[in-house]
Amino acid sequence: MIKTITYSALLTAAVSLNLTTLTRAEPSHSLAMHGTAALPSDYAYFPYVNPDAPKGGQVRYGVVGTFDSLNPFVLKSMRTTARGLFMDGDFGNLVFESLMQRSRDEAFALYGLLAEKVETDEERHWVEFTLNPQAKWSDGQPVTVEDVIFTYEVLTEKGRPPYSSRMSRIEKIEKTGERKVRFTFNDKSDREFPLLIASTMPVLPKHAIEMDSFGNASLKAPVGSGPYKVAHVSPGQSIIYERDTNYWAKDLPVKRGFDNFDKISIEYFRNETALFEAFKKGVVDVFLEGNPTRWQTSYNFPAVNDGRIIKAGFTRGIPVNLLGFTFNTRREIFADPQVRHALSLLFDFEWANRSLFSDQYRRTEGYWFGSSLSAVGVKADERERALLAPFKNAVRSDVMEGKWHASRTDGSGHDRKLVREAMRLLKKAGYRFEKGKAIGKDGKPFEFEIMTRSVDEEKVSLAFKRNLERLGIQVVVRTVDDAQYQHRMQTFDYDMLLGALTGTLAPGNEQWNRWGSASRDAQGSFNYAGAADPAIDAMIEAMLAAREQEDFVSAVRAMDRVLISGDYYIPLYHLPQQWVAHWGRVKYPEKTSLFGYQLPAWWAEDAQK
């Protein structure tokens, strides 16, 4: 049971407390990871919305997959929950809400939603929220401090990670006023955690949840505090949301310009081909495109030609998502960074992009490429050098001086210059070349497997295999089904795979799970490369300890340099924009947010003014 303290009990015991522990910061409408949030307390709306967007009409989205539950918070429905309920990257929080709302035009800044005010101490050892007195559930009941505390009780006992594990980092939750709730943390070094509490944890209605059955998958329409209610469910086929005309927050600045459609339907399809055909026929209004060949060659049907369907590109300011050939450094053949660096020279991006992808991709360089956090092309500053000073060999000189770039070829598919350099590095690492084969110090041929899970992954892997085999390295490209892929990935049973990491302007605690030494052998972690380096651990600690933006940027860039120098991934490519095709009956704001398009801010052309 979560330890709670009532307001009256707190007052009664106050005389015996060390009052310095209750020193309060100034209440604020916002909370930022570094420095202060950009918008003042009297802001009217977020800068990337149309504040006068009309309400009404409907939109029909399409996704690939299925669902059999409306409970996104438990293990039994983790992979089969309907889209849109909470923390959905495309559709937002339609039904459930968090205490604060993230602005998508700032790196990591939050503004009041269910909580109208937030307070914290300088060290962020605690955080206190004051609930908005207007906050209501969809059944009209008020949102209370008891709901917040109950949420942690039910998710700790019945929820899935990360919801179930958050409580282990909270020393206590206190009701400190009629509408006030305070979290005190037992981990005193994590300045990000208060923001995670505020923005990535839902608040659930105590009065509408049965504790005994909460852990089960359910198709019962939930009671939420969000802008939409579940109106109709066809399990595995579609879900329809209807806008709550009595939504409590519709006039708040944090929600102005959002939630404009009266009805949102999400249709499910077996595969992307079926989804695209439905879009062409007008069954779906919006298609989020990620296939460069289709973007270039498949939009020649009548609705595009006569302007009823519009192809739009959105440019983001956040780091691109990283996709790359990932070395499993737990394998002896990839333990030497020189070997990894040699192989990284042999991926011919220029040839693959032209021959396989119609020149639609751009090369990815580093781990925060496309943002101010990237170290690529930037000379290390004094703060970075101080952070890296204890780790003399962690960063190559070309990376430290900002002179490193990913290898570039002549695009012929036979660039001998890079092959010669790769051979030189492999010889330095102890390899010899006999009868067209690369032989290691142990006398064994250099050979490994690339595990893939899709046609596109197989296609680019075969192109890489061709170049590797020119140097006498034997490669097997093996495409496996999704179940086998997931199991082998979680147990690190692979030589090389195409790993993917989501880009973020606010890297934080998730970096331990991606790169920290403790995650190297933790099955199910995202440390696909098997990194275990004191220099990486130190850079993560510096990143999390930073209070000012300039210190944070230097810490991330220093980590970028360590990762680049370690050659854990061979970064591949990314699309230069977000591509979205949509029927002309849906509209979007003129300004694109830092994070790209925001579907919750779109509206229907035929809506009422």
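In this chain, numbering begins with 1 at the start of the sequence shown. Predicted model only: the values in this text are computed from it and were never measured.
Listed by first then second residue, pairs satisfying salt bridge (charged side-chain N to carboxylate O under 4.0 Å, His left out) with a partner in residues 344-356 number zero, not counting sequence neighbours. For residues 370-423, no residue pair satisfies the ring-ring contact (aromatic ring centres under 6.0 Å, His included) rule, not counting sequence neighbours.
Using a 3.5 Å distance cut-off with no hydrogens or angles, the side chains of S519 and N527 do pair a donor with an acceptor. Side-chain contact of T479 with E458: a donor-acceptor pair under 3.5 Å is present, judged by distance alone. In this model, a donor atom of one side chain and an acceptor atom of the other lie less than 3.5 Å apart for D190 and N509. For the 3.5 Å distance criterion, the side chains of R316 and T592 fail to qualify, holding no donor opposite an acceptor. Side chains of S412 and D410: a donor-acceptor N/O pair is present below 3.5 angstrom, by distance only. With no hydrogens or angles considered, a side-chain donor-acceptor pair links D381 and S554 at under 3.5 Å.
The aromatic rings of Y268 and F67 lie tilted to each other, with the angle between the two planes from 30° to 60°. Aromatic ring orientation, F347 versus F349: tilted (interplanar angle from 30° to 60°).
For the pair R330 and F492, the cation-pi test (distance below 6.0 Å, angle within 45°) is passed. For R488 and Y494, the positive end is not near the middle of the six-membered ring at less than 6.0 Å and at most 45° from its axis.
A ring-centre distance under 6.0 Å is not found for Y361 and W295. Aromatic ring centres of F279 and H582 lie farther apart than the 6.0 Å criterion allows. Taking the six-membered ring for Trp and the full ring otherwise, F314 and Y588 have centroids separated by under 6.0 Å.
Within the model, atoms CD of E457 and CG of L498 stand 4.5 Å from one another, a figure rounded to the nearest 0.5 Å. Separating the CD1 atom in I570 from the OG1 atom in T364 is a distance of 13.0 Å, to the nearest 0.5 Å. To the nearest 0.5 Å, atom OH of residue Y48 and atom NZ of residue K591 are 10.0 Å apart.
Minimum heavy-atom separation, A217 to D68: CB-O, 4.4 Å.
Residues satisfying the side chain to side chain contact (heavy atoms under 4.5 Å, CB included) criterion with T273, sequence neighbours excluded, are N271.
Residues L345 and V419 are not in side-chain contact: their nearest non-hydrogen atoms beyond the backbone lie 4.5 Å or more apart. Under the 4.5 Å side-chain criterion, counting only non-hydrogen atoms from C-beta, Y367 is in contact with W515.
No side-chain donor-acceptor contact under 3.5 Å links R340 to the backbone of T329.
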